[in-house]
Enquirer: 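One structure follows; several queries about it will come next.
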Amino acid sequence: MTRRLLLIGGGHAHVGVLAALGREPLRDDDGAPWEVTLVSPYERQVYSGMLPGWIAGHYRIEQCVIPLRPLAQRAGVRYVQAHATGLTLAARTVQTDIGETLPFDLVSIDIGPAFDWATLPGAREHAVALRPIEHFIVAWQQLHARLAQAGTVPATIVGGGAGGVEIALAWAHRAQREALPLRLQLVCGRAGPVPTLPPAVGARLRHWLARSEVRLIEDEAAGVHADAVQLAGGEPLPSAGTLAATGAAAVAWPAQAGLAVDARGFIAVDEHLRSTSHPFVFATGDCATMVEHPRPKSGVYAVRAGPPLAFNLRRIAAERAPQRYLPQRRALYLLATGPQHAIGVWGKLVAEGDWVWRWKDWIDRRFMAMYGAEA
Ligand SMILES: Cc1cc2nc3c(=O)[nH]c(=O)nc-3n(C[C@H](O)[C@H](O)[C@H](O)COP(=O)(O)OP(=O)(O)OC[C@H]3O[C@@H](n4cnc5c(N)ncnc54)[C@H](O)[C@@H]3O)c2cc1C
């Protein structure tokens, strides 16, 4: 009987798996091909690393997305356009929001995180959230168009992580390019901008925020109202439009299905990228935590997990032992500052310049070209 692999989500690791399957199909130990299905709600995968460049006006959105359908087609993979909504481990089936139940022998999950609504009361009703990214793309354009008509008004980005700061700087650049009188403010928390990176990065970002006329508010946001952001330490901050770039949370259904998860609900996986509780389940990217080698939730690690994941899926399909995968300890961070300029961070080394942007642009475009994105 034909055996089945189900890929849930077209995330950064799974696009690598699809490309690998395009080069060589998945086969069992006597050479019979497996049937592979991809479940993804959108026909494209947004590459978030280029999103600030899109907001700033340096890229068209088509340059920032990987078309999933042709990638699946080239790999002989069936594409089901749906959200997975549940998993029944005993029956080895996945439920979807289009009513289709999909059986599998092996399943791999790369669905990213969900927005953590609990951290910011009122955000669901009154803010544009970063995730799902496809919603963000539509909602940010609507917000930008509305504020462009509104004259001199304040708009707020809540979140001092790399995503929040890059978006604030990109939006400021866009507003300048379009000569809009938008007044941007970034509520970054008391630890300052990007506290997980070396202090030199924070200092350079402060410089760029000041230069871009983004007001930096080093306080926590306690909630969002229709026309204000409530600061933990003071008065409501008037805000004609608010963008929430605060934390990510785990999607609930993997834990509800009975998969082992870490303390925050992310799928616990071993050194083979397999669930620590159910060896026929693989998980990678932001939705998973390698329990012995935890790493930051970042696209770099999701991309890097693609080749070892593809390799281990082949090994298991052919009834061979999987190989250990040790993720790199450090990742290169390239933070866009609005104009075609970026800050590069490698461990404690920090450098910036237009050349860093050109380097980032080259890396990003080369990556996207591998998967058939528009040039
Ligand atoms: C603005 C911004 C900028 C960033 N810049 C960088 C950067 O420069 N470098 C970096 O390393 N990281 C960056 N990040 C972080 C990066 O986006 C994430 O770490 C990365 O997206 C994680 O990849 P992933 O494959 O785990 O998940 P995702 O990229 O979120 O992909 C998950 C996929 O699964 C699909 N999916 C979701 N739910 C379901 C479901 N129920 N069923 C089926 N499919 C589903 C989604 O549609 C999506 O296609 C940035 C994030 C943001 C928001």
Side-chain angles (χ1 to χ4, degrees), residues 6-18 37-56 64-68 71 79-87 94-98 102 107-115 128-137 140 157 159 161-171 194 197 243-248 250-254 257 266-267 283-289 295-306 309 328 330-336 342-345 360-361 363-364 367:
L6 201 53
L7 301 172
I8 306 182
H12 291 78
H14 276 177
V15 292
V17 171
L18 289 171
T37 301
L38 168 71
V39 183
S40 167
Y42 306 103
E43 291 196 25
R44 60 190 198 176
Q45 165 67 13
V46 180
Y47 180 48
S48 52
M50 290 173 81
L51 218 51
W54 167 72
I55 290 173
C64 312
V65 298
I66 295 168
L68 290 175
L71 200 59
Y79 174 51
V80 174
Q81 186 163 9
H83 273 101
T85 51
L87 172 64
V94 160
Q95 294 78 53
T96 63
D97 62 354
I98 57 167
L102 301 163
V107 65
S108 178
I109 307 173
D110 179 11
I111 54 172
F115 186 77
V128 169
L130 268 189
R131 286 186 182 272
I133 288 186
E134 289 284 0
H135 290 192
F136 168 77
I137 288 171
W140 177 78
I157 299 96
V165 179
E166 280 193 289
I167 285 179
L169 289 168
W171 199 0
V194 197
L197 292 178
L243 203 155
T246 44
V251 173
W253 58 257
F266 293 103
I267 304 168
T284 40
D286 281 11
C287 69
T289 296
R295 295 289 184 268
K297 305 274 176 219
S298 132
V300 178
Y301 291 104
V303 169
R304 291 293 175 107
L309 174 64
Q328 63 196 83
R330 278 188 194 161
L332 173 69
Y333 291 98
L334 297 168
L335 306 172
I343 300 173
V345 189
K360 173 175 166 53
D361 178 60
I363 292 173
D364 289 347
F367 173 76

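The first residue in the sequence is number 1, and the count goes up from there. Whatever order the structure lists ligands and atoms in, that order sets their numbers, starting from 1.
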Enquirer: Which pairs of N or O atoms, one from ligand 1 and one from the protein, are separated by less than 3.5 Å, and what is the distance for each pair?
Expert:
unit_1	atom_1	unit_2	atom_2	d
ligand 1	11 (O)	S298	OG	3.0
ligand 1	11 (O)	G299	N	3.0
ligand 1	11 (O)	V300	N	2.9
ligand 1	12 (N)	G299	N	3.1
ligand 1	17 (O)	S48	OG	2.4
ligand 1	17 (O)	R131	NH2	3.2
ligand 1	19 (O)	D286	OD1	3.1
ligand 1	19 (O)	D286	OD2	2.9
ligand 1	19 (O)	G299	N	2.8
ligand 1	21 (O)	R131	NH2	3.3
ligand 1	23 (O)	H12	ND1	3.0
ligand 1	25 (O)	H12	N	2.7
ligand 1	25 (O)	H12	ND1	3.4
ligand 1	25 (O)	D110	OD1	2.8
ligand 1	26 (O)	D110	OD1	3.4
ligand 1	26 (O)	D286	N	2.7
ligand 1	29 (O)	H12	ND1	3.0
ligand 1	29 (O)	Q45	NE2	2.9
ligand 1	30 (O)	R131	NH1	2.9
ligand 1	31 (O)	Q45	NE2	3.4
ligand 1	34 (O)	D110	O	3.4
ligand 1	41 (N)	A84	O	2.9
ligand 1	42 (N)	A84	N	2.9
ligand 1	49 (O)	Q45	OE1	2.4

Enquirer: With sequence neighbours left out, what residues match W54 under ring pair (Phe, Tyr, Trp, His ring centres under 6.0 Å)?
Expert: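 W140.
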Enquirer: In terms of relative ring orientation, are Y42 and H135 parallel, tilted or perpendicular, with 30° and 60° separating the classes?
Expert: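 Rings of Y42 and H135: perpendicular, as their planes differ by over 60°.
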Enquirer: Evaluate the side-chain proximity of I137 to L51: yes if any heavy-atom separation is below 4.5 Å, no if none is.
Expert: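 L51 vs I137: side chains touch.
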Enquirer: Applying salt bridge (charged side-chain N to carboxylate O under 4.0 Å, His left out), name anything that partners R304, two or more places apart in sequence or on another chain.
Expert: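 For R304, no residue satisfies salt bridge (charged side-chain N to carboxylate O under 4.0 Å, His left out) once neighbours in sequence are set aside.
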Enquirer: Check whether any side-chain N or O of D286 sits under 3.5 Å from a backbone N or O of S298 as a donor-acceptor pair, and report yes or no.
Expert: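 The answer is yes, because a donor-acceptor pair under 3.5 Å joins these two groups.
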Enquirer: State which residues pass ring pair (Phe, Tyr, Trp, His ring centres under 6.0 Å) with F115; sequence neighbours excluded, sorted by chain then number.
Expert: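 By the ring pair (Phe, Tyr, Trp, His ring centres under 6.0 Å) rule, F115 matches W117.
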